[in-house]
Enquirer: 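Got a structure for you, written out below as structure tokens; questions coming shortly.
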Amino acid sequence: MSSKSFAAEPFALPFDPQRTALVMIDMQRDFVEPGGFGEALGNDVSLVRGAIEPCKRVLAAARAAGLLVVHTREGHRPDLTDCPPAKLTRGGETFIGTQGPMGRILVRGEQGHDIIPELYPVAGEPIVDKPGKGAFYQTDLHLILQNRDIRTLIVCGVTTEVCVTTTVREANDRGFECIVPQDCVGSYFPAFQKAALEMVKAQGAIFGWVSDSAAIVEALRA
Ligand code: TIU
């Protein structure tokens, strides 16, 4: 048993580096850069860009500590056959699959669908393409984690109240212990960011722990 632990709320989370993975959720140009899906939905992407630098530090520490690093991308097949029709007509407007400044929005293979250069995967880091908000729905993420006997997930990315916490809630049900560094996740809505993080750790870590990049980096270096 490892004696390492992450400083966190509501209490410290013990972890074994060999059984811990970093899951970087949807740090794609479509969500983080101007001209993508996030902005098409009416959001100010500058609000989520603050997560980039803290994510870079956690990613570097995770790589140095030999953790499994998994990246996810939200998006669909070019023919959109894997996109529920209801998502294509949401709000009376159509964004998914339409042409944006970085190619067709949320379509696999397009520029905007790819991960931002600052956090680009390196060789050996699996990329999970997901058609939904949660990273387990219709993907092989559970299999990848199970094959490495992973128990603890450090979950970073965007957006906090959508893809990050959808993933954390389900990971918790699947038996993983999740820690969310609060400065490594971003939302277009400051009130949602705050509420989503409070929900994770409420009721004695009801579905996870909340920490920050400095505490994660320190524990991984120790
Ligand atoms: N719109 C929004 O907040 N998020 C998404 O649509 N996807 C993710 O969170 N990745």
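Atoms within a ligand are numbered from 1 in the order they appear, just like the ligands themselves.
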Enquirer: Indicate yes or no: does an N/O atom of N43 lie under 3.5 Å from an N/O atom of ligand 1?
Expert: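 Min N/O separation from ligand 1 is not below 3.5 Å for N43.
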Enquirer: Does any N or O atom in V158 lie less than 3.5 angstrom from one in ligand 1, N or O only?
Expert: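 There is such a contact, yes.
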Enquirer: Any sub-3.5 Å donor-acceptor pair from D140's side-chain atoms to L143's backbone N or O?
Expert: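 Not a single qualifying donor-acceptor pair exists.
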Enquirer: Parallel, tilted or perpendicular: which one describes the rings of F95 and F37, with boundaries at 30° and 60°?
Expert: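 It falls in the perpendicular class, over 60°.
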Enquirer: Identify the protein heavy atom lying closest to atom 8 (C) of ligand 1, giving its residue, its atom name and the separation to 0.1 Å.
Expert: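 Checked against all protein heavy atoms, atom 8 (C) of ligand 1 sits closest to C163 SG, 2.5 Å.
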Enquirer: Check ring pair (Phe, Tyr, Trp, His ring centres under 6.0 Å) between F189 and all other residues, then give those that pass, not counting sequence neighbours.
Expert: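 Partners of F189 under the ring pair (Phe, Tyr, Trp, His ring centres under 6.0 Å) test: F192.
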Enquirer: Can you check whether K133 has an N/O within less than 3.5 Å of an N/O in ligand 1?
Expert: yes
Enquirer: Less than 3.5 Å between some nitrogen or oxygen of T159 and one of ligand 1, yes or no?
Expert: yes
Enquirer: Could you tell me if R108 and H76 have a donor-acceptor pair between their side chains, going purely by distance under 3.5 Å?
Expert: no
Enquirer: Among protein heavy atoms, which lies nearest atom 7 (N) of ligand 1, and at what distance?
Expert: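 It is E74 OE1, 2.8 Å.
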Enquirer: Tell me if the CD atom of E125 is crowded by more than 12 foreign heavy atoms within 6.0 Å.
Expert: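 More than 12 within 6.0 Å, yes.
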Enquirer: Is it true that a side-chain atom of R29 and a backbone atom of G112 form a donor plus acceptor pair closer than 3.5 Å?
Expert: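 No.
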Enquirer: Which of the numbered atoms in ligand 1 are under 4.0 angstrom from any heavy atom belonging to L41?
Expert: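 Counting atoms of ligand 1 from 1, those under 4.0 Å from L41 are 1 (N).
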Enquirer: May I ask you to check whether over 12 heavy atoms, not counting those of R77, lie within 6.0 Å of atom CZ?
Expert: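 Check fails, neighbour count at 12 or below.
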Enquirer: Going by the order shown, which atoms of ligand 1 are within less than 4.0 Å of some heavy atom of F37?
Expert: 6 (O)
Enquirer: If you count the atoms of ligand 1 from 1 in the order shown, which ones are under 4.0 Å from a heavy atom of D26?
Expert: 8 (C), 10 (N)
